[in-house]
Peer 1: 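Take a look at this one; I'll ask things after.
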Amino acid sequence: MSAWLPDETTLQRGDSSRRGAHRGAGVLAVLPDQAANRTAQITAAGAAWLAGATAYPRSTLTQWETRPASPGVLPCGSAFDVVNVPTLFGRRMLEHLWSDGPGSGPVATHRGRMLLFCSPGTAQRLPSLLDWEEWGGGLEPRGGRAEGDAGVPPLLCHGTGDAVTVPPLTCDSAASGPRWVVAPDTRTPWLPGPDVLLWACVRVTRSAPVSTARNPIFPTADPDANVYDVSRRR
């Protein structure tokens with residue numbers, strides 16, 4: 001499934017040297033070759049990787065050239081899967097992935113959700129792993145839930161047969177809609193698998209802050225009340 005009009009050829013390695021620049025070269029020319037400290041800025045190589053998820057990459061690049069500020073719709077299951085989580089939970093996953101783990105692949109936000117791009121097949125395997133560990137579907141984790149464990153919220157896993165909205169190539173800072181948190185910047189981005197995302201989910205739930213509020217057994221003492229030393233009474 002793709003939002004772009006198909007053509008009769010696909011983008012093959014070496015086509016540009018044999019047949020001239022492809023029709024999408026215009027939009028790629030305005031994108032940087034390297035993001036250089038701009039994590040949310042997609043690069044020309046990243047755009048080419050995204051286009052490769054469709055059956056007709058050349059038409060996808062052409063569409064982006066004519067409307068670079070418009071979001072696109074790309075199919076999952078071939079180049080990537082997507083795990084769709086609540087934004088707050090997703091940000092905490094990213095914190096653990098970047099501080100304690102191997103990092104993340106491309107990440108976007110859309111309609112109050114965070115989209116984590118992951119390796120193909122993750123959408124099918126991650127729910128099974130969560131269920132096996134008894135972290136999915138509101139179940140208690142294997143061995144019981146420790147104090148402070150918040151549980152894993154419902155995850156939406158997009159794989160083969162699904163499609164997701166991706167941010168436009170160029171985003172105005174004041175524009176609403178989907179945006180990149182970590183934009184693709186290479187033709188072969190590293191993508192986390194189900195084991196890595198399972199680890200991140202469990203780390204978030206294990207590190208959930210514990211409420212310090214407690215209901216006192218005795219009423220709060222009056223600070224103006226007289227206090228007597230009863231140990232000296234006879």
Side-chain angles (χ1 to χ4, degrees), residues 1-7 9-13 15-17 19-88 90-91 93-94 97-98 103-118 156 158 162-192:
M1 177 178 180
S2 173
W4 316 132
L5 296 177
D7 59 14
T9 60
T10 56
L11 185 63
Q12 302 292 335
R13 186 181 300 275
D15 277 355
S16 59
S17 62
R19 303 173 61 182
H22 59 74
R23 295 170 60 195
V27 67
L28 297 184
V30 302
L31 295 175
D33 292 331
Q34 295 182 346
N37 299 327
R38 290 178 293 178
T39 306
Q41 172 64 60
I42 190 171
T43 65
W49 173 71
L50 287 174
T54 69
Y56 304 100
R58 195 182 304 275
S59 292
T60 301
L61 292 173
T62 300
Q63 184 76 8
W64 279 338
E65 181 181 10
T66 58
R67 295 191 299 175
S70 298
V73 178
L74 298 179
C76 301
S78 59
F80 54 78
D81 282 357
V82 171
V83 173
N84 183 330
V85 302
T87 297
L88 180 59
R91 288 192 177 275
M93 287 180 67
L94 286 183
L97 286 169
W98 282 103
S104 74
V107 180
T109 59
H110 184 46
R111 294 181 177 177
R113 307 279 295 188
M114 186 166 285
L115 311 179
L116 288 85
F117 287 67
C118 47
L156 303 178
H158 307 291
D162 299 325
V164 293
T165 300
V166 298
L169 298 187
T170 58
C171 288
D172 186 275
S173 58
S176 59
R179 306 184 66 83
W180 289 112
V181 178
V182 180
D185 59 357
T186 175
R187 283 180 176 269
T188 56
W190 180 80
L191 299 174

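Note that these values count all heavy atoms, side chains included, but never hydrogens, waters or copies made by symmetry. We're numbering straight along the sequence, starting at 1. Note that the coordinates shown come from a computational prediction; the quantities given were computed from them, not determined experimentally.
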Peer 1: Just checking, is any N or O donor in the side chain of Trp98 or Ser104 under 3.5 Å from an acceptor N or O on the other one?
Peer 2: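 Present: a donor and an acceptor within the cut-off.
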Peer 1: Quick check: do Pro106 and Leu191 have side-chain heavy atoms less than 4.5 Å from each other?
Peer 2: yes
Peer 1: Calculate, to the nearest 0.5 Å, the distance between atoms CG and NE2 belonging to Asn84 and His110 respectively.
Peer 2: 9.0 Å
Peer 1: For a quick test of reading the model, state the closest non-hydrogen atom pair linking Arg179 to Pro167 and the distance between them.
Peer 2: C-CG, 3.5 Å
Peer 1: Is it true that a side-chain atom of Thr39 and a backbone atom of Val182 form a donor plus acceptor pair closer than 3.5 Å?
Peer 2: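 Such a contact is absent between Thr39 side chain and Val182 backbone.
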Peer 1: Working to the nearest 0.5 angstrom, can you tell me the gap between His158 NE2 and Leu116 CG?
Peer 2: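 The distance works out to 11.0 Å.
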Peer 1: Give a yes or no on this: more than 12 heavy atoms of other residues, nucleotides or ligands lie within 6.0 Å of atom CZ of Arg113.
Peer 2: yes
Peer 1: Taking the side chain as C-beta and beyond, is there a heavy-atom pair between Pro75 and Thr54 under 4.5 Å?
Peer 2: yes
Peer 1: Just checking Trp180 against Phe117, ring centres under 6.0 Å apart?
Peer 2: yes
Peer 1: Checking Trp64 against Thr66 for the side chain to side chain contact (heavy atoms under 4.5 Å, CB included) test, could you report, in this order, the C-alpha distance in whole Å, the side-chain angles of both residues, the deciding distance, and whether it holds?
Peer 2: CA-CA 5 Å; Trp64 279 338; Thr66 58; over 6 Å; no
Peer 1: Any idea which heavy atoms bring Cys118 and Val82 closest together, and the distance?
Peer 2: SG-N, 4.0 Å
Peer 1: Given side chain to side chain contact (heavy atoms under 4.5 Å, CB included), test Asp185 with Ile42 step by step and report yes or no.
Peer 2: CA-CA 6 Å; Asp185 59 357; Ile42 190 171; over 6 Å; no
Peer 1: Looking only at heavy atoms, what is the nearest atom pair of Pro178 and Pro168, with distance?
Peer 2: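 Result for this residue pair: O-CD, 3.8 Å.
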Peer 1: Rounded to the nearest 0.5 Å, what separation is found between the CE atom of Met93 and the CG atom of Leu88?
Peer 2: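 If we round to the nearest 0.5 Å, Met93:CE and Leu88:CG are 12.5 Å apart.
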Peer 1: Quick one: do Leu94 and Val107 satisfy side chain to side chain contact (heavy atoms under 4.5 Å, CB included)? Show the steps, please.
Peer 2: CA-CA 9 Å; Leu94 286 183; Val107 180; 3.8 Å; yes
Peer 1: What are the two closest heavy atoms between Trp49 and Thr186, and how far apart are they?
Peer 2: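 Nearest pair, atom of Trp49 first, then Thr186: CB-O, 3.6 Å.
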Peer 1: Would you say Val73 and Val166 make side-chain contact, with heavy atoms under 4.5 Å?
Peer 2: no
Peer 1: Give the intermediate values and the outcome of side chain to side chain contact (heavy atoms under 4.5 Å, CB included) for residues Thr62 and Thr60.
Peer 2: CA-CA 5 Å; Thr62 300; Thr60 301; over 6 Å; no
Peer 1: Could you grab the distance from atom CZ of Arg67 to atom CG of Leu169, nearest 0.5 Å is fine?
Peer 2: 12.0 Å
Peer 1: Measuring from atom CG of Leu115 to atom CG of Asp81, what distance do you get when rounded to the nearest 0.5 angstrom?
Peer 2: 12.5 Å
